[in-house]
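Notes follow once the structure below has been shown.
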Amino acid sequence: WQAKRASDRADAARRAEQEAEIARDAERARAAELKLVSEFQGKMLTQLNPRLAGIRLTTDVMDRFAKALDDSQLADAEKAQELDSFRRQWSRMNATDISAAHIGETVLTPAVLAIDRQFTESPAVDAQLRQAVSDVYAALGLYDRALPLAQAALAERRKVLGDDHPDTIASLDRVGTVLLSQRKIA
């Protein structure tokens, strides 16, 4: 009976180990999937192009203004004069800067808020997404917004991955690049 009991315990231990391995495999698969998703989202963010957005904004605004003039009761000479005046006024603004600020306010700020809410239980994904958003802010020249995100990504990666992990080292490099861009280090 003792041999039977020992055999039953050994079987139970093997089953528990198999179940634990299955759970570890599932967790690794989930982590890999989350990494793929966060990499995809990061790549999507890097495709934001404020220069192109500024060109398209200018074209769209000019087209809409011209259409509004066409729909008006103004004489053709007045329409042409109004459109020319509007173009001169519009050219005083930098449409690329307007687009960069708009991207920051309408895409990136909500992305950071979503990261704050949704990834508290996934620190590696949180860090990866923060780094991606920081990179976009930096590419837009919005370094004051990029720096805290890069620093948060670095701190999280140090905690989760350690100082010697390639992702941690990449985050350290990004913090340095932002500081250099801000001329806070030489």
Side-chain angles (χ1 to χ4, degrees), residues 33-156 170-171 173-186:
E33 288 173 356
L34 285 173
K35 184 173 173 102
L36 287 174
V37 168
S38 61
E39 286 173 353
F40 171 78
Q41 290 172 333
K43 286 177 185 173
M44 295 303 296
L45 288 173
T46 62
Q47 293 178 17
L48 296 172
N49 183 333
R51 188 185 70 74
L52 181 59
I55 291 168
R56 289 181 176 165
L57 174 66
T58 297
T59 300
D60 187 48
V61 167
M62 291 302 153
D63 289 349
R64 289 171 188 254
F65 190 77
K67 170 99 172 77
L69 287 174
D70 285 344
D71 293 344
S72 73
Q73 301 299 318
L74 295 175
D76 286 346
E78 266 186 288
K79 289 177 186 179
Q81 188 177 18
E82 289 285 326
L83 185 57
D84 186 54
S85 174
F86 185 74
R87 280 194 177 115
R88 281 194 314 276
Q89 296 301 321
W90 182 264
S91 69
R92 293 178 175 194
M93 297 179 282
N94 184 324
T96 299
D97 289 347
I98 293 168
S99 295
H102 188 69
I103 289 168
E105 293 168 11
T106 62
V107 176
L108 301 177
T109 297
V112 172
L113 294 173
I115 294 167
D116 290 343
R117 285 190 311 269
Q118 297 176 23
F119 295 100
T120 56
E121 301 298 319
S122 302
V125 174
D126 178 287
Q128 188 166 339
L129 291 172
R130 283 184 196 284
Q131 189 63 67
V133 174
S134 173
D135 291 348
V136 176
Y137 271 130
L140 295 175
L142 302 172
Y143 303 114
D144 289 341
R145 292 187 179 184
L147 184 59
L149 293 168
Q151 290 170 326
L154 174 60
E156 197 62 47
S171 284
D173 177 66
R174 301 266 196 18
V175 169
T177 300
V178 172
L179 288 170
L180 188 62
S181 296
Q182 290 179 309
R183 303 197 190 308
K184 292 187 176 181
I185 59 172

What's the separation between atom [atom1] in [X] and atom [atom2] in [Y], rounded to the nearest 0.5 Å?
| X | Y | atom1 | atom2 | result |
| --- | --- | --- | --- | --- |
| Gln131 | Gln151 | CD | CD | 11.0 Å |
| Asp135 | Ser171 | CG | OG | 8.5 Å |
| Asn49 | Ile103 | CG | CD1 | 7.5 Å |
| Leu69 | Gln81 | CG | CD | 11.0 Å |
| Thr58 | Met93 | OG1 | CE | 8.0 Å |
| Leu129 | Ile115 | CG | CD1 | 4.5 Å |

Any [X] side-chain heavy atom under 4.5 Å of [Y] side chain:
| X | Y | answer |
| --- | --- | --- |
| Val178 | Lys184 | no |
| Glu82 | Ser85 | no |
| Leu108 | Leu140 | yes |

Contact summary for [X] and [Y], nearest pair of heavy atoms:
| X | Y | value |
| --- | --- | --- |
| Ser134 | Ala150 | OG-CB, 3.3 Å |
| Gly104 | Pro110 | O-CD, 4.5 Å |
| Ala53 | Ser99 | C-OG, 3.3 Å |

Exercise. Taking only residues at least two apart or on different chains, which pairs with a member in residues 105-118 satisfy side-chain hydrogen bond (donor to acceptor under 3.5 Å, both in side chains)?
Worked result: Thr109-Tyr137, Asp116-Arg130

Seminar exercise, completed: Applying side chain to side chain contact (heavy atoms under 4.5 Å, CB included) to Glu78 and not counting sequence neighbours gives Leu74, Ala75

Exercise. Taking only residues two or more places apart in sequence or in another chain, which ones pass side chain to side chain contact (heavy atoms under 4.5 Å, CB included) with Phe86?
Worked result: Val61, Met62, Phe65, Trp90

For this session: Show the numbers, then the answer: is there a side chain to side chain contact (heavy atoms under 4.5 Å, CB included) between Asp173 and Thr177?
Result: CA-CA 6 Å; Asp173 177 66; Thr177 300; 4.0 Å; yes

Exercise. Is Lys67 salt-bridged to Asp71, cutoff N-O under 4.0 Å?
Worked result: yes

Exercise. For Gln182, does the CD atom sit with more than 12 other heavy atoms under 6.0 Å from it, leaving out its own atoms?
Worked result: yes

